[in-house]
Structures are given as C-alpha cells and as structure tokens.
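Just below is one structure, and these are the notes that go with it.
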Protein chains: 2
Amino acid sequence: MVGNTRKKTDLNPNNSVDCVIFGFDFEQIKVLLIDRGQNLGNSKNLRALPGNLIYEEEDLDEAAYRVLEELTGIKDIYLEQVGAFGNPNRVNKESDREWLKSIRDEPNARVITAAYYSLVKIDDFVPKAHSFAKKAEWIPLTEIEELAFDHFEILQVAKEKLKQKIKIQPIGFNLLPEKFTLSQLHKLYECIFEKPLDKRNFRRKIQKLNILTNLKEKQRGVPHKPSQLYKFNEENYQLLTQNGYDNFGF
Amino acid sequence: MVGNTRKKTDLNPNNSVDCVIFGFDFEQIKVLLIDRGQNLGNSKNLRALPGNLIYEEEDLDEAAYRVLEELTGIKDIYLEQVGAFGNPNRVNKESDREWLKSIRDEPNARVITAAYYSLVKIDDFVPKAHSFAKKAEWIPLTEIEELAFDHFEILQVAKEKLKQKIKIQPIGFNLLPEKFTLSQLHKLYECIFEKPLDKRNFRRKIQKLNILTNLKEKQRGVPHKPSQLYKFNEENYQLLTQNGYDNFGF
DNA sequence: TTTGAAAGTGTCTAAAAGACAATTTGACAT
DNA sequence: ATGTCAAATTGTCTTTTAGACACTTTCAAA
C-alpha cells in the first residue's frame, strides 16, 4: 500500500472503531447494541457494539463520529476515546468469524480497534437503516453478560472510564434532556456509580456548584408533587472550571 | 493478508506503539527520547518518542513492554495506555518521511499508533544498543517544545493522564528508588502537578494514608539534617483500597 | 376530602483541606 | 570546640466538605 494513492473512500482493512453508546431512560443506564441477526444452530446470537472499519484518509475521532451518525442519525455528540484494543485473538468466536466472512472483503485480517464511548440523549436517537445491523436496541447495562468479539471487555473499560471522568467533569448532562429535574440527575449519578447517594447531600452539593439554572417551571401531569425543572448552565460551568476546579464527584 | 499465515515475527506495517517513558531525578520530571541523528540542512533534528511497529501476533500491551525492554533493558515496569493516535497526517514533516524511508519496508504506509506511558526508576535505566536510535537521552519535560511526528501531542496527553491517574492511585513510587525520603516524594508530586504543595500538609496527608513504612534509617553524607528513609507499603495499600478508597490527590 | 407518591428542605458531627513559622540535626569550615 | 549553613521535622487554628439523618409539602387521582 502506498500512501499517495489512498482515497478517502478506501477502507482500511486493519483498523476499526467501536462505540459504546450510553443512554439513560430515567431508570437505568442502557447501551446501544446491534443484533447481527444470525441464525446459528446452538450457539448464541451475540449482540455487538456498533463499529466498523475506518477509511484510509480518516482520523479515528472522525471515524467514530461518522459511525455514530450513520447508526443513530445524531451529530455533535459527546465522545471520548476509551483506548486501543489489539489482542491478536480478539476474533476468537466461530460466530464472529462467520459474520466477518459475510460482510468483509478481508475477513481474516487482523483488526485493531479504537474504542470510544459516547453519551446521548435517548430521545434524540433516530434509528437508521444500517447496512449490516439487523436491529439496534437499547440494552440495560445490568443485563449485558456476553458480547461479540472483545466487546464485553471494551464495555467494562468504557464504564470505568465514564465513572472516573464524571468525577472531574459533569458530563452526565449529555444523557439528560435539555430540561431535567434534580431527582432525575440524582438517579443518573446513582446508576453510574452503582450505589445509592443521599438525596439531601447530593442536592446540596450540585446546587452549591452553581452550574444549574432553575427554569422556574414545573413538571406537569405527575401524580405527586411536581418537580422544578433545571438546565445546565454552560457559562457558570466555564467560570467554575477556569481556575482548575474539578471536583464533580459524589 | 490472510490471518492464518501470520507469523510471530512478521511486522505489522500499519500499527505501532510509542512510549512516553517518565523518569525523575529528584529535581524534575524527564522523558526518555531518542535522537535519530539526522544530518539535515537547515531543518531541526527533532527527537522522537521511542516506539516501533508491532508484530502481527502480538498484543498492544505486549508490544509496549517489548519495546521498553529493547530500549531500556527494564522489565516489569509500570505501564499504562494513553490511547490511539491515528491522524492520517501524523507523518507530515519532511524529516520524518526521510527517516521512515531509511528504516521501514513500507515507509508510506499509514500507521496508527497506540501510545503508552511508563514510570521508571531512572537509576534502573540501562541504555541498550537500539537499532535505529543513535542516542537515547533523558530530556526535562520543561525543555521539550517540539518532537517528531505527532509525538509532542502524545506527550501532552500522556502528561494529562498521568496527572489524573496519580490522583486516584499512588503510582509515583514507580519513579522513586526503593528507599526514598518524604522530601523527595513531595518534590515529585510538585513536579507532576506543576504547582507548589505545602510541605506540612503534604506530609500530614501522605503519612495518614499509612502506605509508607519508615525504615528507621537515615540519609548519610548530606550537609544538613539527614532525612528518614521510607519505602512503599504494598500490603497497607491493598488494605486501604480494597474498600474503594481512591483519594491520593493533593 | 382523603390518599398515595415523590419533591423538597436543615442541622449536627466528623473529617479533610488550607494557611502558617519555629526548632532540630548533621556536615563542614574555621 | 564552635559556629554556620541547609534542609528536615513538627502542630495548631480555621474553613470547607462530607456524611448521617426525618419530616413537611404538593399535586393528581380515587
């Protein structure tokens, strides 16, 4: 392969991106997985992370944004690299090999993947027709036990990175709609940290940070005391962090 | 390329590892860089991170350990992945292209690199003859302004990851000899965080963590009050963290 | 009007962080 | 022997943050 002859639309058969797309439905964290719709005798039809080969003339981040848009129709999304995964035996399940044969020109090529995680507002998700994904589904994190390739391992690392990142940057807002309640935010943090957080202490700290704008608007139609709605205050967040503040943990 | 015919010793021409090797000489943080010894008319002879192509049948972590041992002679070192770097224009300096021509079979191949950082005890460093590195030198972080390829960018990201990681895991001991003084540890943290830390508060916190063993042994031959020597207490560290404790920041 | 369900709120205590300066000790020079 | 230099060592007070803990409010629906 000679660099000068590469075209934008040439596939790089040796490098891919895989995306761990997190969503939140106010109850639990979910991950968008694809169903490859394989009919296999007795072996399981394992779900997979959305991902694909990159193009020759494409940066890794670009490729991740592209794959995300192709799959979800969402642009300008929060995206963070998890890392590179290159175990030579990443593809060691018979079902994975079968599947690659059906969709790849070079199904036996060694592929090193750059994994990303992204946080999306679940309601913005617009399922798109996707070449090789028979279905795309939101699966609760707690129900995921096995995935294709090394995707389960990638998911574990992505979860860990998310947990760490959210302690130093309030990225959780990317999982909530523009307007949200403190209870929803509270629940979100409990789901990410996988442990209960005291309601009053949580509210005290998040409000003290002064990065929420109270919209003076209430929830409607709920069969109990309606909640105040808030939105994330980007400007105050900038002010807060410009002197190095980075304690957003609970 | 067909997977089944890959051999352990085949080079993968499209994927490399690059290593940011941090050291500490009790004064400042240094990085091990190679000098490619190029004679170039007017353009600078830029230094580079040590790195190389990986083998076809080699995991990325393995490759990083191998490259480190080949270069420094050190095994069983602290190693952490920084991430994948795959800008299609990573190689955009004429001097880098020239150099690749001289050492690679496929000098124009697009290479995606997995970057790692490692922390080494500077005195354990045993310079090794290294195929294409004319010299390997410890350069102070503060003096590094430009590097080959995208290595300067990689270095910045590695520094950032190190700063974050050391707040949740006391990996700094990997940069110090077995026996060290509290002042040396204090200076190390100041260098990593690039800001002064109050001596008394630093000592109070690190001692309270109870992960240091006082060796009841003093520095010798210093023209001032000799300091107590300590070593890292692995067992106490395990005890401390097994309940999720992760606040090692200052 | 009653009931159910979640929202909203305050205080006390304990632990941690941050600011701050004087004394001690050994090596070396005189 | 004495003095000097340079770095090590040590403690207190104040402020901030974390953690534990329970009752009242508000709306919708029965």
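This is a predicted model, so every value here is computed, not measured.
- Within residues 235-250 of chain B, no residue places a heavy atom under 4.0 Å from DNA chain D.
- Qualifying ring-ring contact (aromatic ring centres under 6.0 Å, His included) partners for A/Phe180, counting only residues two or more places apart in sequence or in other chains: A/Phe173.
- Listed by residue number, A/Lys218, A/Val222 are the residues of residues 215-222 of chain A with a heavy-atom contact under 4.0 Å to DNA chain D.
- The side chain to side chain donor-acceptor pair (under 3.5 Å) contacts involving residues 118-128 of chain B comprise nothing, where partners must be two or more places apart or lie in separate chains.
- In this structure, NZ of B/Lys225 is placed 10 Å from P of D/dA8, rounded to the nearest angstrom.
- Using a 4.0 Å cut-off on heavy atoms, the residues of residues 183-211 of chain B that approach DNA chain D are B/Ser183, B/Lys199, B/Arg200, B/Arg203, B/Arg204, listed by number.
- Remark: A/Ile168 pairs with A/Asp246, B/Gln164 by the side-chain contact (heavy atoms from CB on, under 4.5 Å) rule, at least two apart or across chains.
- Each of B/Gln228 and A/Pro226 was assigned the nucleotide of DNA chain D with the nearest heavy atom; the assignment lying further toward the 5' end belongs to B/Gln228.
- Ion pairing of A/Arg90 with A/Asp18 is present here, as a side-chain N (NZ or NE/NH1/NH2) and a carboxylate O approach within less than 4.0 Å.
- Scored by the side-chain hydrogen bond (donor to acceptor under 3.5 Å, both in side chains) test, B/Glu190 finds B/His186 as partners (sequence neighbours excluded).
- Contact footprint of chain A on DNA chain C: nucleotides with an atom under 4.0 Å from a non-hydrogen protein atom, first to last in 5' to 3' order, C/dG4 to C/dT11.
- Evaluation of the side-chain hydrogen bond (donor to acceptor under 3.5 Å, both in side chains) rule for A/Gln169 yields A/Lys165 as partners, not counting sequence neighbours.
- Under a 4.0 Å N-O distance rule, the pair A/Glu62/A/Arg66 does not qualify as a salt bridge.
- Partners of A/Thr241 by side-chain hydrogen bond (donor to acceptor under 3.5 Å, both in side chains), not counting sequence neighbours: none found.
- A/Phe248 pairs by the ring-ring contact (aromatic ring centres under 6.0 Å, His included) definition with A/Tyr237, A/Tyr245, not counting sequence neighbours.
- Under a 4.0 Å N-O distance rule, the pair A/Lys179/A/Glu217 qualifies as a salt bridge.
- When the side-chain contact (heavy atoms from CB on, under 4.5 Å) test is applied to A/Gln156, the partners found at least two apart in sequence or on another chain are A/Phe152, A/Lys159.
- A perpendicular orientation is assigned to the rings of A/Phe250 and A/Tyr189, their planes being inclined by more than 60° (bins at 30° and 60°).
- Atom CD of B/Glu27 has 12 or fewer heavy atoms from other residues, nucleotides or ligands within 6.0 Å.
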